[in-house]
Amino acid sequence: RFNESTDTDMREVGRKMELPMARVKKIMRIDDEMKNMMIASDAPLFLAMACELFVEELTLLSWQVVEDGRRKTMQKSDVATAVALHDHLDFLVDIVPREEKKYLPTFAQNRQQQQ
Amino acid sequence: HAHSKVLLDQERFLPIANIARIMKKMIPSNGKIAKEAKQCVQECVSEFISFVTSEAHDKCASERRRTVTADDLLEALKATGFDNYADTMHTFLAKYKEAHKTISNTCQ
């Protein structure tokens, strides 16, 4: 993705960021253990870019669920299903709605049968 | 109280409009995203930041370092199962450093 980026692109990347770095830094500081740590100047920029990749991936995985259901609108439950289907998203299980997880076994079963 | 809630959200989350813009880009033009789905992704991003930061913190702490750098975050991405981002972010970081090295050389 960044293979074609020039030095000029990279010098302007901080100003052209889709997600605000100052806010990323604030969120990094929420955890008490971070209170007495310093954050290098390249860290919020790096993490803001990683967050962009994360939103892109989570959206694609959630959209697959929407398409599997032959629907046109992504719901919160689709994000929850995507999280449940992918191991590397396990850290989100407390964030996605619990009550919607009951639909998961059926969905996962259908998916397994299809494969 | 409503006011303090708004301030709190501003400290805990990235702006929803920016997140919605990235999401829209990834789906077909006739696709739609419910407001609740956007809010859910917004919460997930904050959790992602905390998750990766915490991993980077632990590594710094174990090496008795007090500053979390982009390189620590890159290692943390690999350690937390986001290997799929690691290549892209490695390129990003290398190019970013290279571009800024040139700037400081020019300044001298």
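Since this is a predicted model, take the numbers as computed values, not measurements. A note on names: the letters A, B, ... follow the listed sequences, proteins ahead of strands, and every chain is numbered from 1.
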Please classify the contact between [X] and chain A as side chain, backbone, both or neither, with a heavy-atom cut-off of under 4.5 Å.
{"X": "B:Leu93", "value": "side chain"}
{"X": "B:Phe51", "value": "side chain"}
{"X": "B:Val52", "value": "side chain"}
{"X": "B:Leu77", "value": "side chain"}
{"X": "B:Lys25", "value": "side chain"}
{"X": "B:Asn84", "value": "side chain"}

Greatest number of heavy atom pairs closer than 4.5 Å to chain B - which of [options]:
{"options": "A:Met49, A:Gln75, A:Glu67", "answer": "A:Met49"}
{"options": "A:Leu60, A:Leu89, A:Asp90", "answer": "A:Leu60"}
{"options": "A:Asp78, A:Leu45, A:Thr8", "answer": "A:Leu45"}

With respect to chain A, which residue among [options] yields the maximal number of heavy-atom pairs within a distance under 4.5 Å?
{"options": "B:Ile33, B:Asp83, B:Asp71", "result": "B:Ile33"}
{"options": "B:Ser50, B:Gly81, B:Pro15", "result": "B:Pro15"}
{"options": "B:His57, B:Gln39, B:Arg65, B:Lys38", "result": "B:His57"}

If I measure from the heavy atoms of chain B, does [X] come under 4.5 Å with its side chain, its backbone, both, or neither?
{"X": "A:Asp87", "result": "neither"}
{"X": "A:Asp9", "result": "neither"}
{"X": "A:Leu53", "result": "both"}

Starting from the C-alpha separation in whole Å, work towards a yes-or-no answer on side chain to side chain contact (heavy atoms under 4.5 Å, CB included) for A:Thr59 and B:Lys24. CA-CA 9 Å; A:Thr59 304; B:Lys24 274 244 139 202; over 6 Å; no
Do B:Lys95 side-chain atoms and A:Ser5 backbone N/O form a donor-acceptor pair below 3.5 Å? yes
Give me the atom names and distance for the closest heavy-atom approach of [X] to [Y].
{"X": "B:Ile49", "Y": "A:Cys51", "result": "CG1-SG, 3.4 Å"}
{"X": "A:Ala43", "Y": "B:Leu73", "result": "O-CD1, 3.5 Å"}
{"X": "B:Ala37", "Y": "A:Lys76", "result": "CB-N, 3.8 Å"}
{"X": "B:Arg12", "Y": "A:Ile30", "result": "CA-CD1, 3.9 Å"}
{"X": "B:Ser54", "Y": "A:Glu33", "result": "OG-OE2, 3.1 Å"}
{"X": "B:Phe48", "Y": "A:Leu47", "result": "CE2-CD1, 4.5 Å"}

Worked check of side chain to side chain contact (heavy atoms under 4.5 Å, CB included) between A:Val79 and B:Val41: CA-CA 8 Å; A:Val79 183; B:Val41 170; 4.2 Å; yes
Start with the C-alpha gap between B:Phe92 and A:Arg1, add the side-chain angles, then the distance that decides, and say whether side chain to side chain contact (heavy atoms under 4.5 Å, CB included) holds. CA-CA 8 Å; B:Phe92 174 78; A:Arg1 167 160 175 174; over 6 Å; no
Report yes if some heavy atom in the side chain of B:Thr67 is under 4.5 Å from a heavy atom in the side chain of A:Ile39; otherwise report no. no
Could you list the donor-acceptor pairs under 3.5 angstrom formed between side-chain atoms of residues 16-29 of chain A and any protein atom two or more places apart in sequence or on another chain?
| from | atom 1 | to | atom 2 | distance (Å) |
| --- | --- | --- | --- | --- |
| A:Lys16 | NZ | A:Glu12 | OE1 | 3.1 |
| A:Glu18 | OE2 | B:Arg21 | NE | 3.0 |
| A:Glu18 | OE2 | B:Arg21 | NH2 | 2.9 |
| A:Arg23 | NE | B:Gln10 | O | 3.1 |
| A:Arg23 | NH1 | B:Gln10 | O | 3.2 |
| A:Arg23 | NH1 | B:Phe13 | O | 2.7 |
| A:Arg29 | NH1 | A:Met34 | O | 2.9 |
| A:Arg29 | NH1 | A:Met37 | O | 3.0 |
| A:Arg29 | NH2 | A:Met37 | O | 3.2 |

Check the angle between the aromatic planes of A:Phe91 and B:Phe82 and answer parallel, tilted or perpendicular using the 30° and 60° thresholds. perpendicular
